[in-house]
Amino acid sequence: EKGIYEERPVPHGTIHINFYDSKNLGAQRMFYVYTPPGYESSRQRYPVLYLLHGNGQIEASWTWTGRANVIMDNLIADGKAKPMVVVMPYGHVPRQIKPGQAVPAGPADALAIEKELLAGVKPLVESKYRVLTDREHRAIAGLSMGGGQSLSIGLHNLDAFAYIGAFSAPPNRAEWERADPAVLNQKLKLLWLGCGTEDFLYKSVKEMVALLTEKKVKHVFYESGGGHSWPNWQIYLSKFAPLLFRD
């Protein structure tokens, strides 16, 4: 597994940094975008994965620390993942860089971030980058807080996302409990959860998985060793990305 985030002499994608003024939040914000190898010289449109960071992290964390670009380069070079654009937005409302507990932010913040992603970031991405704009070619995933955000945003916007990934994420079980299993199974091409056995969220993730199983909601649960840390999140991305945009 280790090799997945090690640089290899393969074609490399590009990381773009986009600054924009958020009308919703009244602040300048930024988001990172990974475009796959060959993007600049082609005219093709690509599927898009919105990839969210954890509490106390920033929009750069998935590339600086997580090496998501290296992971994607390697998966694409090996023919394991479809070439895709990966959008990494900022997941806090006020600007903050501090170590944080992996607890879901308050409901008001969660809704503000959801609105920002859909009304602020997504239209910009779709105007600036050659991405496919139908739900079948749009995924959302994240680690810890960002995974919790993905479970909420994905569930609230099934018409916008066909794939959801939650890596060591605090689940919003009550909301999924109320959801109609038939609708979920019809709309979601993939609902993917990963967690380490030593993660402090392991018990709540297992309870979420039990709920999905009981409701007969199709899902994938990837259980690993280890805890709440980057080595697991890197592996989860390397397992999740190959399952996207397969048809």
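Because the structure is predicted, anything quoted here is derived from the model rather than measured. For the single chain, residues carry numbers from 1 onward in sequence order.
If you look at H219 and F221, their ring centroids are not closer than 6.0 Å. Aromatic ring centres of Y32 and H16 lie farther apart than the 6.0 Å criterion allows. Separation of the Y46 and F245 ring centroids does not fall under the 6.0 Å cut-off.
The aromatic rings of Y222 and W192 lie parallel to each other, with less than 30° between the two planes, well short of the 60° mark. Ring planes of F200 and H228: tilted class, angle from 30 to 60°.
Just one of W230, W233, Y34 meets the ring pair (Phe, Tyr, Trp, His ring centres under 6.0 Å) condition when paired with W62; it is W230.
Here CE of M208 is found 6.0 Å from CG of N172. Values are rounded to the nearest 0.5 Å. Here N24 contributes atom CG and R29 contributes atom CZ; the two are 9.0 Å apart, rounded to the nearest 0.5 Å.
In summary, the side chains of S22 and E116 do present a donor paired with an acceptor at a separation below 3.5 Å, with no hydrogens or angles considered. A donor-acceptor contact under 3.5 angstrom links the side chains of E114 and H156, judged on distance only. With hydrogens and angles left out, the side-chain atoms of Y5 and D73 include no donor and acceptor closer than 3.5 Å.
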Evaluate the criterion ring pair (Phe, Tyr, Trp, His ring centres under 6.0 Å) for residue pair F167 and F240; output intermediate values, then yes/no. CA-CA 10 Å; F167 311 160; F240 176 73; 5.8 Å; yes

Could you give me the CA-CA distance, side-chain angles and deciding distance for V93 and L25, then say whether side chain to side chain contact (heavy atoms under 4.5 Å, CB included) is met? CA-CA 7 Å; V93 173; L25 301 173; 4.0 Å; yes

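Considering every non-hydrogen atom in both S150 and A141, the closest pair reads OG-C, 3.0 Å. Scanning all heavy atoms of the two residues, the minimum distance from A166 to G147 falls at CB-O, 4.0 Å. Residues S224 and N232 share a closest heavy-atom pair of OG-OD1, 3.1 Å.
A distance-only check finds a donor-acceptor pair linking the side chain of Q234 to the backbone of G66 [under 3.5 Å]. Judged by distance alone, with hydrogens and angles left aside, the side-chain atoms of K215 form a donor-acceptor pair with the main-chain N or O of A179 at under 3.5 Å. Not a single donor-acceptor pair under 3.5 Å links the side chain of R45 to the backbone N or O of R130. Listed for the N157 side chain is no donor-acceptor partner under 3.5 Å among the backbone atoms of S152. Panel note: side chain D180, backbone A182; a donor-acceptor pair is recorded below 3.5 Å.
Salt bridge present: E207 and R173 bring a charged side-chain N and a carboxylate O closer than 4.0 Å. Ion pairing between E126 and R138 holds under the 4.0 Å rule for side-chain N and carboxylate O. One finds a salt bridge joining E223 and K206 here, because a Lys/Arg side-chain nitrogen approaches an Asp/Glu carboxylate oxygen to under 4.0 Å. Between R67 and E6, no side-chain nitrogen of the basic residue sits less than 4.0 Å from a carboxylate oxygen of the acidic one, so the salt-bridge criterion is not met.
Note on V10 and L237: separate hydrophobic clusters, where clusters join Ile, Leu, Val, Met, Phe, Trp and Tyr whose side-chain heavy atoms are under 4.5 Å apart, directly or indirectly. If you chain together hydrophobic residues whose side chains sit under 4.5 Å apart, Y50 and Y39 fall into the same group. Hydrophobic cluster membership is shared by L188 and L52, with clusters built from Ile, Leu, Val, Met, Phe, Trp and Tyr side chains linked at under 4.5 angstrom. In this structure, L158 is a member of the same hydrophobic cluster as V217, with clusters built from ILVMFWY side-chain heavy atoms closer than 4.5 Å. The cluster map of Ile, Leu, Val, Met, Phe, Trp and Tyr, joined by side-chain heavy atoms under 4.5 Å apart, puts I4 and M72 in the same cluster.
Geometrically, R135 does not engage F161 in a cation-pi contact, judged by NZ or CZ lying under 6.0 Å from the ring centre and within 45° of the ring axis.
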